[in-house]
Amino acid sequence: MAYYAFINENNMVYDIITGVDENDKTSLPKEFNEWEDFYKAEYGAYDCKRTSYNTSGNKHKDGGTGFRGNYAGLGDTYDKDNDVFIAPKPTADATLNEETWLWEIS
């Protein structure tokens, strides 16, 4: 099982689904290389990216490296350049920590 975030043309997450594990290619249709591509086409999405429920603050809950910064949430932004999900800015004075991809309030 894996989670996939649907992203609109403004790089905003508008839906998240549970899908096939990204390493299980046995049922992936031949015309697709990745499940992200399949779900993007199947749902007619602008973009689709896998997201890790176990990642927060750019760390995996069991240790090790996080995946795409944070688990995607509705209304989050997908930053293509850094390949991370970023929550909406909570206050005007918040600054983004580019190691954790979390907002810090001074």
Side-chain angles (χ1 to χ4, degrees):
M1 169 174 57
Y3 297 94
Y4 296 87
F6 292 111
I7 302 159
N8 68 20
E9 58 278 352
N10 297 316
N11 295 317
M12 300 294 290
V13 175
Y14 65 88
D15 198 6
I16 301 164
I17 63 164
T18 303
V20 177
D21 185 282
E22 68 277 4
N23 296 316
D24 180 2
K25 306 279 176 112
T26 58
S27 60
L28 182 66
K30 295 178 213 167
E31 63 269 23
F32 299 100
N33 293 320
E34 301 292 333
W35 284 107
E36 290 175 338
D37 298 331
F38 170 79
Y39 289 120
K40 177 180 173 180
E42 183 74 10
Y43 287 83
Y46 178 79
D47 205 356
C48 178
K49 296 291 178 186
R50 188 171 59 87
T51 185
S52 172
Y53 185 77
N54 296 311
T55 296
S56 179
N58 210 25
K59 292 185 180 176
H60 191 277
K61 76 171 189 156
D62 295 329
T65 306
F67 183 70
R68 294 196 166 127
N70 297 287
Y71 178 69
L74 298 179
D76 286 2
T77 298
Y78 173 67
D79 178 334
K80 286 183 182 183
D81 294 334
N82 294 296
D83 194 27
V84 295
F85 291 103
I86 303 168
K89 189 172 184 175
T91 61
D93 64 339
T95 56
L96 185 62
N97 179 321
E98 293 187 3
E99 290 182 22
T100 64
W101 301 106
L102 297 172
W103 293 101
E104 297 176 351
I105 301 171
S106 335

Problem - Partner residues of R50 under the salt bridge (Lys or Arg N to Asp or Glu O under 4.0 Å) criterion, sequence neighbours left out - result: E22
Handout entry: Non-neighbouring partners of S52 that pass side chain to side chain donor-acceptor pair (under 3.5 Å), sequence neighbours left out
Key = T55
Practice task
Could I get the full list of salt bridge (Lys or Arg N to Asp or Glu O under 4.0 Å) partners for D83, not counting sequence neighbours?
Solution key: R68
Exercise for the section: With sequence neighbours excluded, tell me which residues meet side chain to side chain contact (heavy atoms under 4.5 Å, CB included) with N33. Expected result: D37
Problem - Of all pairs that satisfy ring pair (Phe, Tyr, Trp, His ring centres under 6.0 Å), the ones with a partner from residues 79-103, not counting sequence neighbours - result: Y78-F85
Exercise for the section: Kindly give the heavy-atom pair with the smallest separation between T65 and H60, and that separation in Å. Expected result: O-CB, 3.7 Å
Exercise for the section: Quick one: list whatever passes side chain to side chain contact (heavy atoms under 4.5 Å, CB included) with K59, sequence neighbours left out. Expected result: none
Problem - E9 atom CD: more than 12 heavy-atom contacts under 6.0 Å - result: yes
Problem - Partners meeting side chain to side chain contact (heavy atoms under 4.5 Å, CB included) with T100 (sequence neighbours left out) - result: N97, L102
Completion exercise
The side chain to side chain contact (heavy atoms under 4.5 Å, CB included) partners of D93 (sequence neighbours excluded) come to T91, I105
Practice task
Scan residues 16-35 for pairs that pass ring pair (Phe, Tyr, Trp, His ring centres under 6.0 Å), counting only residues two or more places apart or in two chains.
Solution key: F32-F38, W35-F38, W35-Y39
Practice task
Could you tell me whether K61 atom NZ has more than 12 heavy atoms of other residues or ligands within 6.0 Å of it?
Solution key: no
Exercise for the section: Mind checking salt bridge (Lys or Arg N to Asp or Glu O under 4.0 Å) for E104 and listing every partner two or more places apart, or none if nothing turns up? Expected result: none
Problem - Test ring pair (Phe, Tyr, Trp, His ring centres under 6.0 Å) applied to Y46 - qualifying residues, sequence neighbours left out - result: none
Handout entry: I86 side, atom CD1; L96 side, atom CG - distance, nearest 0.5 Å
Key = 5.0 Å
Completion exercise
So the salt bridge (charged side-chain N to carboxylate O under 4.0 Å, His left out) pairs with at least one residue in residues 23-35 (sequence neighbours excluded) are K25-E34
Exercise for the section: Considering non-hydrogen atoms only, spot the tightest contact between G75 and P88 and give its length. Expected result: O-CG, 3.6 Å
Exercise for the section: If the plane angle is over 60° it's perpendicular, under 30° parallel, otherwise tilted; pick one for Y71 and Y53. Expected result: perpendicular
